[in-house]
Enquirer: 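Okay, handing you the structure first.
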Amino acid sequence: LRTSGEKKCSISSTIDRSPTPRDARPGSSTRVRGPLRVRSCDHARLPASTAGSSYGSAMSSADSIPPSESAATELPILLGLAFPLILTNAGNMLLGLVDVAVCGRLGDAAIAGAGLGNAIFFTLTLFGLGTLFGLDPLLSQAIGAGEHKHARAIFTQGLWLALLVSVPILLVCALVALALPWLGQDAEVVETARSYLFARLPSLFPFLALTASRSYPQAVGRARSLVLGVIAANLVNVPIAIALSFGVDAIGLPALGVTGAGLAAGIATLVQLGVSLAPLRIIERELGVTGASRGPDAALLRRAFQLGAP
């Protein structure tokens, strides 16, 4: 196989050269029954039009991949990528544990209402989380092909997608909260559940944006900021949750009960998002993607939604 007289690529296939009515026509091509398997190709000598394409970038990345290594070598690499994500997920679970511990000291109705409100919030938010998971394959493909500017654009579309899906989820959460009396719940539990849920709703978009933003640092191997973000969120959440829930007489801060716990969780989410995205400018400069598009892209949004919604 030659490309405009350039260096040959070696291939292997099963080819049927028996004539057919189509093959018998002048200028017709030989039919290939088996798939072509490219063994090697010097892409550096391809024409400029091909070398500058995404195909050329993908081939450059493919050439840099070392031969298959043993599990003993690959496992530490995998653990190095997974460990920051394990810590991040564990830290997020710890945020919920703090809410339970704080609300448990406010009484039975408070812990029941906060638990119900938290269950409603996360159950409905799962629809947004699943949709945003559609960004992962798109980012992986772009990074693997060496298209860092396109990967940065996908990250931006993730934030837009988080904003779009947060609107219907917010409305459904509010409707469910208003419908709780018709679902057979105790009146006191309904009141505390509503208070906690309405206090959490302002943090819905930051929570989904945090989910969207984790994919990009993770894809470029900068997951350390995600760990620092969840650590900062937990350090902030504990004192703020206690202060807002029980009040601070010294500064005249009233006790807000479960509402304070919900607000504290929202503040912690904002802190986590800010810390997680703090190194974004540094990453952009290092990868040379400072000019990436910031506006919504309908095609990318539609593609991410098609992948994530199922």
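Here, residue 1 is the first one in the sequence, and each next residue gets the next number. Every value quoted in this text rests on a predicted model; they were computed, and no experiment measured them.
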Enquirer: Would you give me the side-chain donor-acceptor pairs under 3.5 Å for residues 125-133, sequence neighbours excluded?
Expert:
residue : atom : partner : partner atom : Å
Thr125  : OG1  : Phe121  : O            : 2.5
Thr131  : OG1  : Phe127  : O            : 2.8

Enquirer: Do you reckon Ile231 sits in the same ILVMFWY cluster as Phe83, going by side-chain contacts under 4.5 Å, direct or chained?
Expert: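 Looking at the clustering, Phe83 is in the same group as Ile231.
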Enquirer: Using the rule that Ile, Leu, Val, Met, Phe, Trp and Tyr join whenever any side-chain heavy atoms are under 4.5 Å apart, tell me whether Leu124 and Leu180 fall into a single cluster.
Expert: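 Result: yes, single cluster for both.
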Enquirer: Short question: side chain of Thr123, backbone of Ile120 - any donor-acceptor pair under 3.5 Å?
Expert: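 No; zero donor-acceptor contacts below 3.5 Å.
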Enquirer: Can you see which heavy atom on Gly257 is nearest to which on Leu106, and at what distance?
Expert: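 It is C-CD1, 3.6 Å.
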Enquirer: So, does Gln157 use its side chain to make a donor-acceptor pair with the main chain of Leu300 at under 3.5 Å?
Expert: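 Not a single qualifying donor-acceptor pair exists.
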Enquirer: Which value, rounded to the nearest 0.5 Å, describes the distance between Leu87 atom CG and Arg224 atom CZ?
Expert: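 Rounded to the nearest 0.5 Å, the CG-CZ separation comes out at 12.0 Å.
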Enquirer: Mind checking ring pair (Phe, Tyr, Trp, His ring centres under 6.0 Å) for Phe122 and listing every partner two or more places apart, or none if nothing turns up?
Expert: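 Partners of Phe122 under the ring pair (Phe, Tyr, Trp, His ring centres under 6.0 Å) test: Phe207.
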Enquirer: Nearest 0.5 Å please: distance from the CG atom of Leu197 over to the CG atom of Leu204.
Expert: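 Nearest 0.5 Å value for the CG-CG distance: 9.5 Å.
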Enquirer: Taking the side chain as every heavy atom from C-beta outward, state whether Tyr196 and Thr259 have any pair of such atoms under 4.5 Å apart.
Expert: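 Not touching, per the 4.5 Å side-chain cut-off.
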Enquirer: Between OG of Ser195 and CG of Leu256, what distance do you get to the nearest 0.5 Å?
Expert: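 Rounded to the nearest 0.5 Å, the OG-CG separation comes to 10.0 Å.
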Enquirer: How long is the gap from CG on Leu210 to OG1 on Thr88, to the nearest 0.5 Å?
Expert: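 Interatomic distance, Leu210 CG to Thr88 OG1, rounded to 0.5 Å: 9.0 Å.
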Enquirer: Write down the atom of Arg152, the atom of Thr156, and the distance for their closest heavy-atom approach.
Expert: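 Where Arg152 meets Thr156 most closely, the heavy atoms are NH1-OG1, 2.5 Å.
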Enquirer: Leu135 versus Ile154: any side-chain heavy-atom pair under 4.5 Å?
Expert: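 Answer yes - side chains close enough.
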Enquirer: Same cluster for Val236 and Ile251 if Ile/Leu/Val/Met/Phe/Trp/Tyr side chains link at under 4.5 Å?
Expert: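 Linked within one cluster.
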Enquirer: How close do Ala209 and Ala162 get, counting heavy atoms only, and between which atoms?
Expert: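 Closest heavy-atom pair between Ala209 and Ala162: N-CB, 3.8 Å.
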Enquirer: Within the supplied structure, the quantity of interest is the number of heavy atoms (other residues, nucleotides, ligands) at a distance under 6.0 Å from Asp108 CG; does it exceed 12?
Expert: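 Atom CG in Asp108 is not crowded, with 12 or fewer foreign heavy atoms closer than 6.0 Å.
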Enquirer: Do any N or O atoms from the side chain of Arg200 and from the backbone of Leu263 form a donor-acceptor pair under 3.5 angstrom?
Expert: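 Flag not set: sc Arg200 to bb Leu263 has no pair under 3.5 Å.
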Enquirer: Looking only at non-hydrogen atoms, find the nearest pair between Cys103 and Ala114 and report the distance.
Expert: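 Reported closest heavy-atom pair: SG-CB, 3.6 Å.
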Enquirer: Please answer: with hydrophobic residues joined when any side-chain heavy atoms are less than 4.5 Å apart, are Ile240 and Phe246 in the same cluster?
Expert: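 In one cluster with Ile240: Phe246, no.
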Enquirer: Report yes or no: does Thr192 contribute a side-chain atom to a donor-acceptor pair with the main-chain N or O of Ala110 at less than 3.5 Å?
Expert: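 The answer is no, because no donor-acceptor pair under 3.5 Å joins these two groups.
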Enquirer: Please determine whether side-chain hydrogen bond (donor to acceptor under 3.5 Å, both in side chains) holds for the pair Asn234 and Gln272, giving the CA-CA distance in whole Å, both sets of side-chain angles, and the decisive distance to 0.1 Å.
Expert: CA-CA 9 Å; Asn234 278 280; Gln272 184 177 358; over 6 Å; no
Enquirer: Could you go through residues 301-310 and list every donor-acceptor pair under 3.5 Å that involves a side-chain atom there, pairing it with any protein atom two or more places apart or in another chain?
Expert:
none

Enquirer: Could you grab the distance from atom OG of Ser166 to atom CG of Leu164, nearest 0.5 Å is fine?
Expert: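 One finds 7.5 Å between OG of Ser166 and CG of Leu164.
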Enquirer: Closest approach of Phe198 and Ala177, non-hydrogen atoms and distance?
Expert: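 It is CZ-CB, 3.9 Å.
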Enquirer: Between Ser276 (side chain only) and Leu273 (backbone N and O only), is there a donor and an acceptor less than 3.5 Å apart?
Expert: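 Here the side-chain-to-backbone pair does not exist.
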Enquirer: Show your reasoning for whether side-chain contact (heavy atoms from CB on, under 4.5 Å) applies to Phe205 and Leu163.
Expert: CA-CA 6 Å; Phe205 168 66; Leu163 178 62; 3.6 Å; yes
Enquirer: Please examine the side chains of Arg214 and Thr211, heavy atoms only from C-beta on, and report whether any two atoms are closer than 4.5 Å.
Expert: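 Side chain of Thr211 against side chain of Arg214, heavy atoms only: contact under 4.5 Å found.
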Enquirer: Can you give me the closest heavy-atom contact between Val271 and Ala233, atom names plus distance?
Expert: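 Looking at all heavy atoms of both residues, the shortest contact is CG1-N, 4.4 Å.
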Enquirer: Is the closest side-chain heavy-atom distance between Leu95 and Asp99 below 4.5 Å?
Expert: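 Result no, sub-4.5 Å side-chain heavy-atom pair not found.
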Enquirer: How far does CD1 of Ile169 sit from CG of Leu201, to the nearest 0.5 angstrom?
Expert: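 The CG atom of Leu201 is 11.0 Å from CD1 of Ile169, to the nearest 0.5 Å.
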Enquirer: Taking Ser245 for its side chain and Ile242 for its backbone only, find out whether a donor-acceptor pair lies under 3.5 Å.
Expert: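 Absent.
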Enquirer: Out of curiosity, does Leu178 fall in the hydrophobic cluster containing Val258 (side-chain heavy atoms, cut-off under 4.5 Å, transitive links)?
Expert: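 Each belongs to a different hydrophobic cluster.
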